[in-house]
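Down below is the structure, laid out as structure tokens.
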Amino acid sequence: MTSIARTFALSLGIAATTIFLTMLGIFIWRYPTEEREFRTCQVVAAVLERATVIEGKNLTVRSTPALAELKADSPNLWYVVSAGDLISEYGSEHRPALPFVFPYHGPVGSSVFSTLDQKSTFCLAAMQRGSLRLAMMVGEPQVRFGRIARNFLARRVSSIILVALAFAATVAIGSALAACFVSRGIARVTHRALAIDPAAPQGSISLSEVPYELKPLVEALNRAFAEIDAYIRMQRRFLGNAAHQLRTPLTLLRAKIEDVPEPALRTELVRDVRRLTSLVSAMLDLARLQNHAIEKRPIDLAQIALDVLADFSPSALDAGIELALEQDGNGPFLVQGVDAAVRSALANLVGNALIHAHGARRIVATLSRDGISIDDDGAGLPAGAEHKLLEPFQTGNTAGDGAGLGLSIVREIMAAHGGELVISSALGRGTTMSLRFPEASAATRSPQPDLQAH
């Protein structure tokens with residue numbers, strides 16, 4: 001969309017130019033009668049002067065397009081052209097008594113005079129052509145407005161340019177100031193809107209800080225912010241309440257599973273309940289984090305990674321997958337966050353790799369200055385599948401293992417920390433899932449030994 005300020009300035013400039021040209025045309029059209037008659041005299045004299053030919057003792061007024069136009073527009077036109085003793089007349093039947101006699105021997109110049117009966121005026125123009133003085137007396141001319149305007153503009157082109165430049169400068173300065181005023185008002189609204197926390201948009205923009213024209217827009221924005229805030233609060237309350245209410249039934253279910261007589265079935269049920277419990281815990285941590293109920297503190301990613309990999313070592317051993325912890329640089333690897341939420345996010349990534357990385361033989365957790373990444377050497381994902389995995393109820397396992405909420409929750413946990421979950425994969429080359437934190441810092445520390453489980 002075009003800039004408001006630029007559109008405003010352009011529109012104002014076009015309007016001002018139109019007004020200027022209109023006023024100029026009206027001024028020329030409404031010229032004082034005496035001045036208009038004088039301008040008409042100059043135009044007619046120029047037409048006759050170009051049409052007059054003197055050859056020897058003959059004076060001829062040729063028929064030119066301009067003269068033919070003048071005659072067509074002026075039914076009562078008359079004129080007398082003289083050069084020394086040579087005279088040429090037209091429309092003598094319309095010519096009244098004049099206060100001058102022919103040939104005219106007066107001074108050079110042009111003017112408008114009244115006839116002897118004082119009922120009309122006529123134009124007298126005299127100019128020097130070689131050794132002869134060319135004199136013209138013209139009456140009842142009807143000159144078209146365009147010719148008068150062209151004559152007026154040609155004789156006053158410098159003055160008109162100066163006035164036009166001054167007018168344009170005034171309009172430009174005025175439009176620039178007005179555009180700046182509009183831009184500053186929009187900038188204030190934008191600044192206030194950006195200051196509102198997207199995670200809790202309960203703020204509003206003060207109507208006293210914006211121009212009158214923007215108030216309807218600001219009121220609509222405030223209403224939208226209020227509705228969004230109410231919806232977010234309701235969603236978070238539901239998420240927190242649901243996660244909290246699910247914890248007790250899961251604990252009871254875990255206790256009852258211990259009484260299952262079949263070892264294989266009991267192991268499978270314990271694994272499923274553990275996954276469900278982890279998911280519920282992640283939902284509860286996320287709800288608390290979004291509601292700012294937990295204060296973020298410095299946490300050590302290396303210690304969290306060691307704990308998570310240790311928890312998954314038995315599962316990895318059963319699956320024949322090697323777990324390893326590596327460092328890209330020296331520690332400690334500290335981030336600002338919530339320990340339980342980050343543990344849950346990392347556990348989701350490791351568990352996801354164990355379940356969905358088909359053909360994987362090794363999973364590596366790599367610590368770096370901006371976070372931690374989980375790499376596997378499995379079959380990888382088709383092009384474009386990374387974005388689908390971040391949507392709720394999407395998994396990379398065609399068999400349907402998993403609830404499909406893990407990576408979506410990980411993304412939300414990272415967003416609450418001001419970070420992001422980045423997934424990169426290539427078919428046949430494995431998948432890398434990274435937790436990137438905006439406030440990650442690395443201090444000098446002796447390298448940590450690799451943790452490997454077989």
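The shown structure was predicted, so the numbers you read here are calculated from the model rather than taken from an experiment.
The minimum heavy-atom distance between L59 and S88, with the atom names listed, is CD2-CB, 3.4 Å. Among all heavy-atom pairs drawn from P141 and V44, the shortest one is CB-CG2, 3.7 Å. In this structure, S110 and Q42 approach most closely via the heavy-atom pair OG-CG, 4.3 Å. Across all their heavy atoms, S434 and T432 have their closest contact at OG-CG2, 3.8 Å. Residues L48 and M136 come closest through the heavy atom pair CB-SD, 3.3 Å. Pairing each heavy atom of K57 with each of L86, the nearest pair is O-CD2, 3.0 Å.
A side-chain donor-acceptor contact under 3.5 Å links D376 to the backbone of T431. Put simply, the side chain of Q128 gets close to the backbone of L132: a donor and an acceptor are under 3.5 Å apart. With hydrogens and angles ignored, the 3.5 Å screen pairs a side-chain donor or acceptor of T115 with a backbone N or O of S120. Side-chain N or O atoms of N348 include one that pairs as donor or acceptor with a backbone N or O of S344 at under 3.5 Å. A donor-acceptor pair is defined here as one N or O able to donate and one able to accept, closer than 3.5 Å; such a pair exists between the side chain of R62 and the backbone of R50.
Residues I374 and L346 have side chains in contact (heavy-atom distance under 4.5 Å, counting atoms from C-beta outward). Here the side chains of I299 and V338 are not in contact, with every heavy-atom distance at 4.5 Å or above. In this structure, L124 and S111 have side chains that are not in contact, with every pair of non-hydrogen atoms separated by 4.5 Å or more. L407 has its side chain within reach of M433: a pair of non-hydrogen atoms, C-beta onward, lies under 4.5 Å apart. L349 is listed as a side-chain neighbour of L421, based on a closest heavy-atom distance under 4.5 Å. Using a 4.5 Å cut-off on side-chain heavy atoms (C-beta onward), L435 and V335 make no contact. Using a 4.5 Å cut-off on side-chain heavy atoms (C-beta onward), L67 and Y79 make contact. Proximity of R133 to V108: side-chain heavy atoms (C-beta onward) are separated by under 4.5 Å at one or more points.
Atom CG of L98 and atom CG of D117 lie 9.5 Å apart (nearest 0.5 Å). Atom CD of E140 and atom OG1 of T121 lie 7.5 Å apart (nearest 0.5 Å). The line from CD1 of I363 to CG of D375 is 10.0 Å long, rounded to the nearest 0.5 Å. Once rounded to the nearest 0.5 Å, the distance linking CG of D370 with CD of E420 reads 9.0 Å. Atom-to-atom distance recorded for R223:CZ and I228:CD1 is 12.5 Å, nearest 0.5 angstrom. To the nearest 0.5 Å, the span separating NZ on K119 from OG on S114 amounts to 13.5 Å.
Taking the six-membered ring where tryptophan is involved, the planes of W78 and F122 are tilted, since the angle between them lies from 30° to 60°.
Within 6.0 Å of atom CD in Q118, more than 12 heavy atoms from other residues, nucleotides or ligands are found, so the atom counts as buried in its surroundings. Residue R129 places its CZ atom among more than 12 non-hydrogen atoms of other residues, nucleotides or ligands, all under 6.0 Å distant.
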### Task
Quick one: do V47 and E69 satisfy side chain to side chain contact (heavy atoms under 4.5 Å, CB included)? Show the steps, please.
CA-CA 10 Å; V47 171; E69 177 186 291; over 6 Å; no

### Task
Could you please spell out the steps behind the side chain to side chain contact (heavy atoms under 4.5 Å, CB included) verdict for L367 and D328?
CA-CA 6 Å; L367 294 165; D328 183 9; over 6 Å; no

### Message
Evaluate L134 against E49 for side chain to side chain contact (heavy atoms under 4.5 Å, CB included), listing each step before the verdict.
### Response
CA-CA 8 Å; L134 185 63; E49 192 275 333; 4.0 Å; yes

### Task
Evaluate the side chain to side chain contact (heavy atoms under 4.5 Å, CB included) criterion for residues R95 and M137: first the C-alpha distance (whole Å), next the side-chain angles of each, then the deciding distance (0.1 Å), finally the verdict.
CA-CA 10 Å; R95 175 165 55 88; M137 297 183 190; over 6 Å; no

